[in-house]
*Asks:* 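Questions regarding the structure given below will be posed in turn.
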Amino acid sequence: MPARPITVGLLSLAIVISFGIIGLAPASSQFSSGLNFPPLLFTVAKQYEPLAWLRGADRFSSDAIIFLQDASGRHPLIPSFAVSADPAVSFDGKKVLFAGKQHPQDHWQIWEVTIPTGEPRRITLCTDDCVRPLYLPEEGVVYAKKAGGRFIIEAADLAEGKSVQLTYGPGNFLPTDVLRDGRILFESTYPLGANGIPELYTVYSDGSGVESYRCDHGKARYSGKQLASGDVVFTSGSGLARFTSARAQEVRISAPAGEYLGEPAETPSSDWLLAWRPDAKGYFQVKRWKPGDATLLSVTEEQSANVIQPTLVAERTTPKRHPSGLHDWPNANLLCLNAYTSKYKLAAGSIHSIRLYTRDSAGATKLLGTAPVEPDGSFFVQIPTEQPLQIELLDGSGKTLKRQAGWFWMRRGEQRACVGCHAGPETAPENAVPMVLLKSTTPADMTSASAHVSSRGH
């Protein structure tokens, strides 16, 4: 069945604009021949600000255009479009999602085109910008949509023509990859949803299970992408780092001097195609690098523009489909196994209760209620969904022991168990039944401001 546009607003009729108006002529570029890898997509833009999304702004200048370099040479992927960026190749290597504008004053929309000569078809009808699309399994896509001046993440079923919001915290969110286990890798700020530096997180394709990818926060981390090895490579500061399953912290990557954007394209010979520039005053260009080598090979560059987002047009492994475990309930349940299992040092027996907060429509913090914490650190609460949430740990006198600096959320009908409070996603739970469930399997109600401490306490 043909896919229908995801209708979230109206889009004005656009006019066709020729490639010559853009002013990035092929003659100004250099492309190294004889590099044995599949056809290559990349975006060219005179200005590129990779972290502009942090403030809900555009990352590209208005002349951005996607090019395709293949056996026939270098040419724009969609020559009829005024602006295009953010290419993402389908798992079978036959189609490309991209963000584009038919006319310069249009909002960014998500489009799809068949390689090499297909006619673009529109996927979204956003009332504001929709950018950074990625493919999901089984005719799904995920992208960032601007709403109220900030970027949220949506997932859409192309067959059904339906979309669902995945992020519900304050701040801005941008997807960067779909991991092989089905989770969506995205970037936001640390603390999550607060003013801070960029950090990498994951969420399932139904918006549940949001968490930080690692808990060794500190440097700016963004532009993450998973390689065939399973490692996630990303920008860390101005260099490169990786997350590997064997380590709970990032591992720095020793690479030639310069500034890097993450999201490498991995060639069949396991070389990396990366956007690199010598310093902040230079333009990004695409380089080929074999990890461990002391030099970079030039792939393509412009004399006065950035060449970014290298993407190979090739078949790749389809991620696992995430079967949603959400229930048709108005609220969500959260079970903490042991709040003492934490990166923070909390004295045994010190935690007495928790407070739960949300934010109102004006952004002010609002207390939802309190609930007891058992001697083993366990608590079980029912909480409201699809809104920012924040937990605070209290001692017996009501003094704050630790409070989340950022926010999280839970989806309608989600049931979630966490090992501890900021314990790290790599931490395994203890093989024991928590005391809170031995007392009762009914969660403490935290779904309204009238919620109070249950009589189940110490």
*Asks:* Using 30° and 60° as the class boundaries, would you call the ring planes of Trp111 and Phe98 parallel, tilted or perpendicular?
*Replies:* parallel
*Asks:* Surrounding CG of Asn195 (heavy atoms of other residues, nucleotides or ligands, distance under 6.0 Å), is the total greater than 12?
*Replies:* no
*Asks:* Can you tell me how far apart SG (Cys126) and CD (Gln109) are? Round to the nearest 0.5 Å.
*Replies:* 4.5 Å
*Asks:* Cation-pi check, Arg359 to Trp407: give yes when NZ or CZ is under 6.0 Å from the six-membered ring centre and within 45° of the ring axis, no otherwise.
*Replies:* yes
*Asks:* Measure from the side-chain N and O atoms of Lys402 to the backbone N and O of Glu392, and report whether any donor-acceptor pair falls under 3.5 Å.
*Replies:* no
*Asks:* What's the separation between atom OG1 in Thr202 and atom CZ in Arg183, rounded to the nearest 0.5 Å?
*Replies:* 4.0 Å
*Asks:* Short question: side chain of Asp177, backbone of Leu179 - any donor-acceptor pair under 3.5 Å?
*Replies:* no
*Asks:* Going by heavy atoms in the side chains, are Ile383 and Thr358 under 4.5 Å from each other?
*Replies:* no
*Asks:* Would you say the side-chain atoms of Glu266 pair up with the backbone N or O of Ala228, donor to acceptor, closer than 3.5 Å?
*Replies:* yes
*Asks:* How long is the straight-line distance from CE of Met446 back to CG of Leu389, given to the nearest 0.5 Å?
*Replies:* 9.5 Å
*Asks:* Scan Arg214, Lys219, Arg221 and name whichever one has a salt bridge (Lys or Arg N to Asp or Glu O under 4.0 Å) with Glu250.
*Replies:* Arg221
*Asks:* Between Gln47 and Tyr283, does any side-chain donor sit less than 3.5 Å from a side-chain acceptor?
*Replies:* no
*Asks:* Between the side chain of Asn172 and the main-chain N/O of Phe151, is any donor-acceptor distance below 3.5 Å?
*Replies:* yes
*Asks:* Specify the closest pair of heavy atoms between Val131 and Ala99, including all atoms of both residues, with the distance to one decimal.
*Replies:* CA-CB, 4.0 Å
*Asks:* Please enumerate all residues that pass salt bridge (charged side-chain N to carboxylate O under 4.0 Å, His left out) together with Lys290, with sequence neighbours excluded.
*Replies:* Asp271
*Asks:* Could you tell me how the ring of Phe186 sits relative to the ring of Tyr201: parallel (under 30°), tilted (30 to 60°) or perpendicular (over 60°)?
*Replies:* parallel
*Asks:* Ignoring hydrogens and angles, tell me if any N or O in the side chain of Asp86 forms a donor-acceptor pair with the backbone of Arg132 under 3.5 Å.
*Replies:* yes
*Asks:* Regarding Asp328 and Arg412, does a basic nitrogen lie under 4.0 Å from an acidic carboxylate oxygen?
*Replies:* yes
*Asks:* Look only at the side chain of Trp272 and the backbone of Thr267, and say whether a donor-acceptor pair between them is shorter than 3.5 Å.
*Replies:* no
*Asks:* Considering all heavy atoms of both residues, which atom of Thr370 and which atom of Arg355 are nearest to each other, and what is their separation?
*Replies:* CG2-CG, 3.3 Å
*Asks:* With sequence neighbours left out, write down each residue that passes side-chain hydrogen bond (donor to acceptor under 3.5 Å, both in side chains) with Ser61, or none if nothing qualifies.
*Replies:* Asp63
*Asks:* Hey, is the main chain of His107 close enough, under 3.5 Å, to the side chain of Asp129 for a donor-acceptor pair?
*Replies:* no
*Asks:* Ser84 side chain to Gly100 main-chain N or O, any donor-acceptor pair under 3.5 Å?
*Replies:* no
*Asks:* What's the shortest heavy-atom distance between Val313 and Gly93, and which atoms?
*Replies:* CG1-O, 3.5 Å
*Asks:* Taking 4.0 angstrom as the limit, do Arg55 and Glu49 come out as a salt bridge?
*Replies:* yes
*Asks:* Closest approach of Phe379 and Ala339, non-hydrogen atoms and distance?
*Replies:* CE2-CB, 4.4 Å
*Asks:* Can you tell me if Glu430 has over 12 outside heavy atoms packed within less than 6.0 Å of its CD?
*Replies:* no
*Asks:* With a 4.5 Å limit on heavy-atom distance, are the side chains of Ile123 and Leu158 in contact?
*Replies:* yes
*Asks:* Please examine the side chains of Phe42 and Thr311, heavy atoms only from C-beta on, and report whether any two atoms are closer than 4.5 Å.
*Replies:* no
*Asks:* List the atom of Val178, the atom of Leu136, and the distance in Å for their closest heavy-atom pair.
*Replies:* CG2-CD2, 3.8 Å
*Asks:* Would a distance-only check, ignoring hydrogens and angles, find a side-chain to backbone donor-acceptor pair under 3.5 Å from Asp293 to Leu296?
*Replies:* no
*Asks:* Quick one: are the ring centres of Tyr213 and Phe243 less than 6.0 Å apart?
*Replies:* yes
*Asks:* Using side-chain heavy atoms (C-beta onward) and a distance below 4.5 Å, is Pro264 in contact with Leu273?
*Replies:* no
*Asks:* Would you check if there is a donor-acceptor pair between the side chains of Ser236 and Arg252 at a distance under 3.5 Å?
*Replies:* yes
*Asks:* Could you walk me through whether Phe60 and Tyr48 satisfy the ring-ring contact (aromatic ring centres under 6.0 Å, His included) test, starting with their C-alpha distance in whole Å, then the side-chain angles of each, then the deciding distance to 0.1 Å, before giving a yes or no?
*Replies:* CA-CA 5 Å; Phe60 305 93; Tyr48 177 64; 5.2 Å; yes
*Asks:* So, using side-chain hydrogen bond (donor to acceptor under 3.5 Å, both in side chains) as the criterion, who are the partners of Asp231 when residues are at least two apart?
*Replies:* Arg242, Thr244
*Asks:* Does NZ belonging to Lys94 count more than 12 external heavy atoms closer than 6.0 Å?
*Replies:* no
*Asks:* Gln404 side chain to Ile391 main-chain N or O, any donor-acceptor pair under 3.5 Å?
*Replies:* yes
*Asks:* Taking side chain as C-beta onward, heavy atoms only, is His217 less than 4.5 Å from Glu199?
*Replies:* yes
*Asks:* Does NZ or CZ of Arg403 fall inside the cone over Tyr357's six-membered ring, less than 6.0 Å from its centre and within 45° of the axis?
*Replies:* yes
*Asks:* I'd like to know whether NZ of Lys95 has more than 12 heavy-atom contacts from other residues, nucleotides or ligands below 6.0 angstrom.
*Replies:* no
*Asks:* Taking all non-hydrogen atoms of both residues into account, name the closest pair between Gly262 and Thr235 and its distance.
*Replies:* N-OG1, 2.6 Å
